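Down below is the structure, laid out as structure tokens.
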Protein chains: 2
Amino acid sequence: MDYNELINVLSNKGLKRTPQRVAVLEALYEIKNHPSAEEVRQKLYSRYPSIAIGTIYNILDTFCEQGIIKKVKTDSDFVRYDVDMERHHHIYCENCNHIEDYHDPELDELLKNYFEKKCIPNFQIQDFNLQIIARYVKHQNKPNQNK
Amino acid sequence: MDYNELINVLSNKGLKRTPQRVAVLEALYEIKNHPSAEEVRQKLYSRYPSIAIGTIYNILDTFCEQGIIKKVKTDSDFVRYDVDMERHHHIYCENCNHIEDYHDPELDELLKNYFEKKCIPNFQIQDFNLQIIARYVKHQNKPNQNK
DNA sequence: TCCTATTCAGGAATTATTCTTGTTTAATTA
DNA sequence: TAATTAAACAAGAATAATTCCTGAATAGGA
């Protein structure tokens with residue numbers, strides 16, 4: 001994603017184009033794996049060593065409010081963020097703290113249809129999102145079923 | 001859940017029957033709504049004003065390790081716990097921070113079958129759980145569709 | 001270019017959680 | 001029942017993520 005695209009994201013949401021915001025946004029698009037605020041700061045460090053961690057939190061909050069990014073729910077004691085705003089689900093790796101995106105329109109359709117039939121009393125469903133807890137398994141070069 | 005049942009839960013897991021553990025466990029069963037450590041402390045306060053918050057954290061950790069309770073993933077900056085160990089899902093209320101349990105064996109079956117057919121490369125699925133983001137809607141006495 | 005609301009930097013404050021240390025206690029065994 | 005000991009607890013200090021505060025800088029509009 002180049003500079004023009006980045007500043008378009010900001011201006012589309014009516015946000016001032018500050019160097020800090022552009023840098024944070026760029027870092028978010030570069031880091032694929034659901035970074036924390038601290039990981040964003042580290043990614044930024046070479047380009048932008050002076051940015052304050054409080055500023056990063058402010059910017060991430062602003063981005064969340066404007067629907068540019070989302071918080072990812074985890075068990076851990078810090079917040080992680082996701083730039084992928086398409087509907088998708090997450091695979092939580094049991095062994096490590098990796099969170100992998102899982103896009104599956106067929107599943108989305110299945111769930112949508114299911115909940116259209118089956119209403120939940122007192123609740124209007126806005127969205128859903130499946131957490132898949134899984135174990136990462138390294139495959140051989142030839143795709144077969146063993147560990 | 002009476003005292004004997006509570007101490008059975010502990011002894012089944014090989015945990016010492018301390019007054020603190022019994023009290024925390026009782027509080028967890030009384031509080032239905034996915035409490036934080038602090039909420040457990042408040043619930044306990046009348047019966048057990050001297051219990052240390054660190055002790056509550058220790059006990060909750062131990063209970064998690066032993067599979068008596070589970071952590072609940074949220075966006076917020078503190079951990080919540082769940083005593084319901086049956087497979088179930090969570091409805092996250094958009095308006096407030098309420099989390100409602102959602103049991104639905106039919107859905108579980110649907111998901112199980114879906115992922116049996118559709119494998120995810122490099123991952124062995126251990127478990128899944130659906131987060132339903134919803135808006136709470138107060139119904140009239142007669143159940144109809146309006147807000 | 002000037003003006004002003006917004007944003008930022010730096011650091012202090014807050015809050016949830018963990019750690020440490022000395023004391024107490026539950027459960028086991030004599 | 002009493003003695004023993006590993007486990008658990010209380011109290012408070014320490015840590016770490018996040019928020020708040022204040023004065024300075026700046027983006028974008030006039």
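Small disclaimer: the values here were computed from a predicted structure and weren't measured. Residue numbers start from 1 in every chain, and the chains themselves are labelled A, B, ... in the order their sequence lines are given, proteins ahead of strands. Values below: all heavy atoms of this structure, side chains included; hydrogens, waters and symmetry mates excluded.
Of the possible polar contacts, one joining the B/R21 side chain to the B/K16 backbone as a donor-acceptor pair under 3.5 Å is found. Judged by distance alone, the side chain of A/E109 and the main-chain N or O of A/E106 form no donor-acceptor pair under 3.5 Å.
The distance from atom OG1 of B/T74 to atom CD of B/Q131, rounded to the nearest 0.5 Å, is 9.5 Å. We find the OG-CZ distance between A/S36 and A/F78 to be 5.5 Å, quoted to the nearest 0.5 Å. To the nearest 0.5 Å, atom NZ of residue A/K73 and atom CG of residue B/D75 are 3.5 Å apart.
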Please table the atom pairs, donor to acceptor, closer than 3.5 Å between any side-chain atom in residues 60-72 of chain B and protein atoms at least two apart or in another chain.
from	atom 1	to	atom 2	distance (Å)
B/T62	OG1	B/N58	O	2.8

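Residues from residues 9-31 of chain B lying near DNA chain D, meaning a heavy-atom separation below 4.0 Å, are B/K16, B/T18, B/Q20, B/R21 in numerical order. Applying a 4.0 Å cut-off to non-hydrogen atoms, the residues of residues 48-80 of chain A that approach DNA chain C are A/Y48, A/S50, A/I51, A/A52, A/T55, A/I59, listed by residue number.
Remark: C1' of D/dA17 and CD of A/E39 are 13 Å apart, rounded to the nearest angstrom. Put simply, CG on A/L44 is 10 Å from P on C/dA9, counting in whole angstrom units.
Between the side chains of B/R135 and A/Q126, a donor-acceptor pair is found at a separation under 3.5 Å. No hydrogens or angles considered: nothing links the side chains of B/H89 and B/D101 as a donor-acceptor pair under 3.5 Å.
Comparing the helix axis at one end of the helix from C/dT1-D/dA30 to C/dA30-D/dT1 with that at the other, each defined from 5 consecutive pairs, gives an inter-axis angle of 30° (nearest 10°).
Every residue was checked against the salt bridge (Lys or Arg N to Asp or Glu O under 4.0 Å) condition with B/E86, not counting sequence neighbours, and none meets it.
Every pair passing ring-ring contact (aromatic ring centres under 6.0 Å, His included) that includes a residue from residues 95-117 of chain A is listed here, sequence neighbours excluded: A/H88-A/H103, A/F115-A/F128.
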